[in-house]
Enquirer: 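Sharing a structure with you now.
Since we're looking at a predicted model, the values are computed, not measured. Every chain is numbered from 1, with letters handed out A, B, ... down the list of sequences.
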Amino acid sequence: MLLSRYLLPVMKETPADAQIVSHQMMLRAGLVRQTAAGIYAWLPLGLRVLNRIASVVRAEQDRAGAIEMLMPTIQSADLWRQSGRFDAYGPEMLRIKDRGGREMLYGPTNEEMITAIFRDCVKSYRDLPRTLYHIQWKFRDEVRPRFGVMRGREFLMKDAYSFDMDEAGGRASYDAMFTAYLRTFAALGLRAVPVRAPTGPIGGDLSHEFHILADTGESEVFFDSALDDVDLGDPDAPAKLRNLYAMEAEEHEKIADCPVPAERLAKRRGIEVGHIFFFGTKYSQAMGLQVQAKDGSQVTPLMGSYGVGVSRLMGAIIEASHDDAGIIWPESVSPFDIGLINLRVDDPACAAAAHALQAKLEAAGRTVLHDDRDARGGEKFATMDLIGLPWQIVVGPKGVAAGTVELKRRSSGEKHEASMESVMAKLTA
RNA sequence: CGGGGAGUGGCGCAGCCUGGUAGCGCAUCUGCUUUGGGAGCAGAGGGUCGCAGGUUCGAAUCCUGUCUCCCCGACCA
């Protein structure tokens, strides 16, 4: 991709409305544009990141055996009356009427809809267990949107729903998602702490929130510092993590005797990026979902639901990975693999070398943002650092004369001169 | 929803108190000089000052209403 033909409105100055670093950088790096309180347009570069985050989430859902589908954003109020939530949900739900005066809503979540669909499609125990998910826009009319996409009103969310014949099956479905979540956040370059969440009337340990630790997090988390030592590559990691203490401040304070010795109790701020819970027959019962069991009886399936804030993750990733110059994308979500800077667009040798490198890298399957603008070096370096692509290749007249380019690693800042061939080899390995 | 703040060109701001027909920096466009970490000089374009009423010879400025956005707190992927 040639930057001269792209849309990348970077800003040198920080917009006054943005308070936290991820919001500031998303605006400055030309990823998003606010269109109303808590509602954002995704500019080309931001959309690429959003799609890549969704891809990582999708890959781990698929690996865990969940099945992708897509439900609409607009739902009928009737559906929500079946569960009783149309009246219970409160002003957070955006209610609208169609031309016929029918009550509709912009979905804040999809339990009712998936339960109704499953109810109408599935009649036999043979079709269970199943876990279905979709990645779709949601709307919650937050009292106070803030922190950019971290607490927007419109947001992209992956929500999955499991259906099982019995408690043991439900627990297995839950465990599979728990593991999938650990893998997902690790693949995004994040370390997430699973925090036990209140389960309401069901009890047990079947609800967890996943928090990314960051000073700008909205919640306060207490946890056993032994969590830091758990190797996520270890197959027993999920079990180990679930046995270690971790609670949100509000819950922690209710506990008389904390099971963690004071010297091991860590307190950090966290960004909630995922929440999973098992709620049994709450919706299946209300919506009349029943399947016939092997013995001919009618059974009400047990359900769980599993959310990941896809758009929120973009903010969380930036909070966790940036420096003074800008964003540092993990390779798994970076909008492009490589930023290619031509320092002298007017120099035929430089232009030829830069275009050749771009072509070769793209032919090898790497995505490249080639800064071929007629601008000075300093501006190009600053732009590249701001948008945070993992690798930068700098093509300049001195290097080209000597047959070399400069390769820079964004995360460490280290750079060195190397032949074009060796840079190609390194980046396409 | 309570408390506070702000709306002036794409971004950051000044002007408002003490009304006289809009200004600065960045960005943008043109030309020349430059070219390895956000260049210099010269010139140019772009704003019904959130909106609606009112006061006045005259309103960005004063008055009233209204909309929007931001911050702090209580609530949430």
Enquirer: Quantified in whole Å, what is the C1' atom distance between nucleotide B/G5 and nucleotide B/G46?
Expert: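 These two C1' atoms come out 29 Å apart once rounded.
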Enquirer: Who pairs with A/Tyr306 by ring-ring contact (aromatic ring centres under 6.0 Å, His included), at least two apart in sequence or on another chain?
Expert: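 ring-ring contact (aromatic ring centres under 6.0 Å, His included) list for A/Tyr306, sorted by chain: empty.
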Enquirer: Expressed in angstrom and rounded to an integer, what is the separation of A/Lys380 atom NZ from B/A39 atom C1'?
Expert: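 My rounded result for the distance is 14 Å.
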Enquirer: Please name all residues satisfying ring-ring contact (aromatic ring centres under 6.0 Å, His included) with A/Tyr283, sequence neighbours left out, ordered by chain then number.
Expert: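 Listed in chain order: A/Phe279.
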Enquirer: Given the C1' atoms of B/G10 and B/C1, what is the spacing between them in whole Å?
Expert: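 It works out to 35 Å between them.
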Enquirer: Watson-Crick or G-U wobble partner for B/C69, using a 3.5 Å limit on both distances?
Expert: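 For B/C69, the partner nucleotide comes out as B/G5, under the 3.5 Å rule.
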Enquirer: Could you give the CD1-to-P distance, from A/Ile387 to B/G38, as a whole number of Å?
Expert: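 To the nearest whole Å, that distance equals 18 Å.
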Enquirer: Summarise how protein sits on nucleotides 24-34 of chain B as a single string, 5' to 3': B when a protein heavy atom is under 4.0 Å from the base, S for sugar-phosphate-only contact, - for no contact.
Expert: -BS-------B
Enquirer: Can you tell me, in whole Å, how much space there is between the P of B/U21 and that of B/G38?
Expert: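 So the two P atoms sit 41 Å from each other.
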Enquirer: Examine the base of B/G37 for any acceptor or donor lying under 3.5 Å from a partner atom in the side chain of A/Lys415, and report the outcome as yes or no.
Expert: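 Under the 3.5 Å cut-off, the side chain and the base do form a donor-acceptor pair.
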Enquirer: Give none if B/A39 has no partner; otherwise give the nucleotide forming a Watson-Crick or G-U wobble pair with it, both distances under 3.5 Å.
Expert: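 Across any shown strand, B/A39 pairs with B/U33.
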Enquirer: Any strand is fair game: report the nucleotide pairing with B/C49 by Watson-Crick or G-U wobble, both distances under 3.5 Å, or none.
Expert: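 Matched B/C49 with nothing under the 3.5 Å cut-off.
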Enquirer: Quantified in whole Å, what is the P atom distance between nucleotide B/C29 and nucleotide B/G45?
Expert: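 Comparing P positions in B/C29 and B/G45 gives a spacing of 15 Å.
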Enquirer: Could you give the CG-to-P distance, from A/Leu386 to B/G37, as a whole number of Å?
Expert: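 After rounding, the gap between these two atoms is 18 Å.
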Enquirer: With sequence neighbours left out, which residue pairs that include part of residues 308-344 of chain A fulfil the ring pair (Phe, Tyr, Trp, His ring centres under 6.0 Å) condition?
Expert: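 Every ring pair (Phe, Tyr, Trp, His ring centres under 6.0 Å) pair that includes a residue of residues 308-344 of chain A, provided the two are not neighbours, is A/Tyr6-A/Phe336.
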Enquirer: Return the value, rounded to whole Å, for the distance between atom CZ of A/Arg373 and atom P of B/A39.
Expert: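 Value for this atom pair: 11 Å.
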Enquirer: Listing request: all ring pair (Phe, Tyr, Trp, His ring centres under 6.0 Å) pairs with a residue in residues 378-429 of chain A, at least two apart in sequence or in separate chains.
Expert: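 Sorted pair list comes back empty.
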Enquirer: Can you list everything that forms a side chain to side chain contact (heavy atoms under 4.5 Å, CB included) with A/Phe147? Sequence neighbours excluded, please.
Expert: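 Once residues adjacent in sequence are excluded, the partners of A/Phe147 under the side chain to side chain contact (heavy atoms under 4.5 Å, CB included) criterion are A/Ile20, A/Met150, A/Glu218.
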Enquirer: Any chance you could list the contact pattern along nucleotides 66-77 of chain B? Use B for base contacts, S for sugar-phosphate-only contacts and - for none, protein heavy atoms under 4.0 Å, 5' to 3'.
Expert: ---SSBBBBBBB
Enquirer: Salt-bridged, A/Asp371 to A/Lys380, with N to O below 4.0 Å?
Expert: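 So A/Asp371 pairs with A/Lys380 through a salt bridge.
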Enquirer: Paired with B/G10: which nucleotide, if any, by Watson-Crick or G-U wobble criteria at under 3.5 Å for both distances?
Expert: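 The answer is B/C26, by the H-bond criterion.
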Enquirer: Who are the side chain to side chain contact (heavy atoms under 4.5 Å, CB included) partners of A/Ala226, not counting sequence neighbours?
Expert: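 Applying side chain to side chain contact (heavy atoms under 4.5 Å, CB included) to A/Ala226 gives A/Asp224, A/Leu244, A/Arg264.
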Enquirer: Take atom CZ of A/Arg410 and atom C1' of B/G37, then tell me their distance rounded to the nearest Å.
Expert: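 One finds 13 Å between C1' of B/G37 and CZ of A/Arg410, rounded.
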Enquirer: When you compare B/C71 with B/G12, how far apart are their P atoms, in angstrom units rounded to a whole number?
Expert: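 Their P atoms lie roughly 14 Å apart.
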Enquirer: Taking atom P in both B/U48 and B/U30, what distance in whole Å separates the two?
Expert: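 Taking atom P in both B/U48 and B/U30, they lie 24 Å apart.
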Enquirer: Could I get the full list of ring-ring contact (aromatic ring centres under 6.0 Å, His included) partners for A/His134, not counting sequence neighbours?
Expert: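 Testing A/His134 for ring-ring contact (aromatic ring centres under 6.0 Å, His included), a comparison that skips the adjacent residues, returns none.
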Enquirer: With rounding to the closest Å, how many angstrom separate the C1' atoms on B/G37 and B/G31?
Expert: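 To the nearest whole Å, 26 Å.
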Enquirer: Which part of the nucleic acid, if any, lies within contact of A/Thr383, taking any heavy atom under 4.0 Å across all strands shown: a base, the sugar-phosphate backbone alone, or nothing?
Expert: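 Result for A/Thr383 = base.
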Enquirer: What interatomic distance, in whole Å, is found between C1' of B/A14 and the corresponding atom of B/C26?
Expert: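 Approximately 15 Å lies between the C1' atom of B/C26 and that of B/A14.
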Enquirer: Do NZ/NE/NH1/NH2 and the carboxylate oxygens of A/Glu251 and A/Lys254 come within less than 4.0 Å?
Expert: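 Looking at A/Glu251 and A/Lys254, the cut-off is met.
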Enquirer: Can you confirm if the NZ or CZ of A/Arg153 lies within 45° of the ring axis of A/Phe139 and under 6.0 Å from the centre of its six-membered ring?
Expert: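 No; the conditions do not both hold, so A/Arg153 does not lie above the ring face of A/Phe139.
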